[in-house]
Amino acid sequence: MRKRIVAGNWKMNNNFEEADDLIAGILDDIEKAGKPDDIQVVLCPPSLYLELATDMLLDLPVSAGAQNVSQFEGGAYTGEISAQMLASMDVEYCITGHSERRKYFNETDEQIAQKVNSLLSESITPIFCCGEQLHEREVGNHFKVVQEQLSKGLFHLRKEVFKKIVIAYEPVWAIGTGVTATSGQAQEMHAYLRGLVRDQYDDLTGDETTILYGGSCNSKNAADLFANPDVDGGLIGGASLKPGEFMSIVRSFHN
Ligand code: PGA
């Protein structure tokens, strides 16, 4: 059975104290109300706080993820953080191909593919983001856009290696806008993405690939989105910054 995951993408938010409070708030919530055993919870704070996160999460059923990684292995790349460094800090997941990195940092599909390779070589699970912009959906190009993103960013991988990948469908028009994809739009795209994986590899690989939804997902709409057969969880931005809100999204599977 495929993994179900709810991951919080904090983006560039919170000072050190706030980061500490947020992790403590989530752990406190879990201690009081429990965490569904079958849902993997991942926190992706800014890299600077990864050590704090891995320390606080030690021996607990919550994983730490990074928001970015260098495509290079190491050396003279000022300001960059390598996959090997992340692995040495017990980081288990890393977001790649997020639309904000594609847009503001001009990340190309080729660089994203290199980042995926670096992460996999360190046994870190890439959370590979894909998704179309509004104008692309309006002209009916959304399927083609995500197909190209997967084929350039992921489909160079051998089947055995691809099994480690988590995909996140994040329509750009839904990120941080308060406009969520409808449950039907999410299911339609997730089924399409799963079909692409089946075609590229085989049915079993398609069936076992975790596909998350991201884009203005919150405690009000999560249950509806997660009820879809091809939606295996969420990549949560704004709503991951409040412990109660984030944890009620985690529990939405069982509502
Ligand atoms: P949002 O962001 O939940 O704030 O829309 C999601 C994301 O960018 O991963």
Side-chain angles (χ1 to χ4, degrees), residues 4-14 18-19 22 26 39-47 49-50 53 62-69 91-107 112 115-116 119 124-134 136-137 142 145-146 149-150 153 165-183 185-186 189-190 193 210-226 228 231-253:
R4 300 199 286 182
I5 300 174
V6 177
N9 175 11
W10 296 9
K11 310 195 180 183
M12 197 169 70
N13 290 297
N14 288 341
E18 289 162 343
L22 179 46
I26 289 168
I39 313 296
Q40 175 69 54
V41 175
V42 182
L43 306 183
C44 304
S47 296
Y49 310 141
L50 279 169
V62 178
S63 299
Q67 297 175 17
N68 186 31
V69 66
V91 171
E92 293 173 73
Y93 291 82
C94 180
I95 299 168
T96 50
H98 193 284
S99 60
E100 287 153 14
R101 299 224 43 101
R102 292 179 192 260
K103 179 176 173 196
Y104 301 123
F105 304 95
N106 304 314
E107 274 189 15
I112 294 163
K115 291 182 180 209
V116 166
L119 291 168
I124 296 172
T125 300
I127 301 177
F128 178 92
C129 302
C130 62
E132 80 286 357
Q133 300 182 50
L134 185 58
E136 293 165 331
R137 179 168 277 266
H142 42 303
V145 168
V146 297
Q149 289 170 335
L150 260 61
I165 297 291
V166 170
I167 295 174
Y169 170 57
E170 298 207 311
V172 181
W173 45 271
I175 296 179
T177 57
V179 182
T180 320
T182 63
S183 181
Q185 284 170 327
M189 184 56 94
H190 282 228
L193 291 166
T210 298
I211 308 181
L212 311 179
Y213 169 81
S216 297
C217 182
N218 57 40
S219 61
K220 293 196 176 66
N221 56 37
D224 202 22
L225 288 160
F226 297 172
N228 286 300
V231 179
D232 307 311
L235 180 55
I236 319 297
S240 72
L241 298 172
K242 293 194 193 100
E245 171 74 6
F246 182 63
M247 286 311 298
S248 72
I249 297 173
V250 171
R251 295 190 187 99
S252 298
F253 278 104

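When a ligand or atom number is given, it counts from 1 through the structure's own listing order. For the numbers below, each heavy atom of this structure counts, side chains included, while hydrogens, waters and symmetry mates do not.
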May I ask you to decide whether Arg101 forms a salt bridge with Glu107, counting only side-chain N to carboxylate O separations under 4.0 Å? yes
What orientation do Phe253 and Phe226 show, parallel under 30°, tilted 30 to 60°, or perpendicular over 60°? parallel
Within the 4.0 Å heavy-atom shell around Leu235, which atoms of ligand 1 are there? 6 (C), 9 (O)
With atoms numbered from 1 as shown, which atoms in ligand 1 lie under 4.0 angstrom from a non-hydrogen atom of Gly176? 1 (P), 4 (O), 5 (O)
Proximal ligand 1 atoms for Ser216, defined as those under 4.0 Å from one of its heavy atoms: 1 (P), 3 (O), 5 (O)
Answer side chain, backbone, both or neither: which part of Ala174 comes under 4.0 Å from ligand 1, heavy atoms only. backbone
Subset of ligand 1 atoms that lie under 4.0 Å from at least one heavy atom of His98: 7 (C), 8 (O), 9 (O)
Any N/O pair Gly214/ligand 1 closer than 3.5 Å: no
Tightest non-hydrogen contact, residues Phe246 and Ala7, listed as CE1-C, 4.0 Å
Considering only non-hydrogen protein atoms, determine which one is nearest to atom 4 (O) of ligand 1 and report residue, atom name and distance to 0.1 Å. Gly238 N, 2.9 Å
Tell me: protein heavy atom nearest atom 7 (C) of ligand 1, and distance? Glu170 OE2, 3.2 Å
Does only the side chain of Ile175 get under 4.0 Å from ligand 1, or the backbone, or both, or neither? Count heavy atoms. both
Side chain or backbone, does Ala239 bring an N or O within less than 3.5 Å of an N or O on ligand 1? no
Side chains of Asn68 and Ser47: donor-acceptor distance under 3.5 Å anywhere? no
protein heavy-atom neighbour closest to atom 2 (O) of ligand 1 works out as Lys11 NZ, 3.3 Å
Does either side chain, that of His98 or that of Gln67, offer a donor lying less than 3.5 Å from an acceptor on the other one? no
Criterion side-chain hydrogen bond (donor to acceptor under 3.5 Å, both in side chains) on Asn221 and Thr180, from CA distance to verdict: CA-CA 8 Å; Asn221 56 37; Thr180 320; 3.0 Å; yes
Look at atom 3 (O) of ligand 1 and say which protein heavy atom is nearest, naming residue and atom and giving the distance to 0.1 Å. Gly237 N, 2.9 Å
Measure the shortest side-chain to side-chain distance between Ile175 and Thr177 over non-hydrogen atoms and say whether it is less than 4.5 angstrom. no
Indicate the atoms forming the closest heavy-atom contact of Leu50 with Ala64, along with that distance. CD2-CB, 4.4 Å
Side chains of Leu241 and Asn14 in contact at under 4.5 Å (non-hydrogen atoms): yes
For Gly215, atoms of ligand 1 separated by under 4.0 Å from a heavy atom: 5 (O)
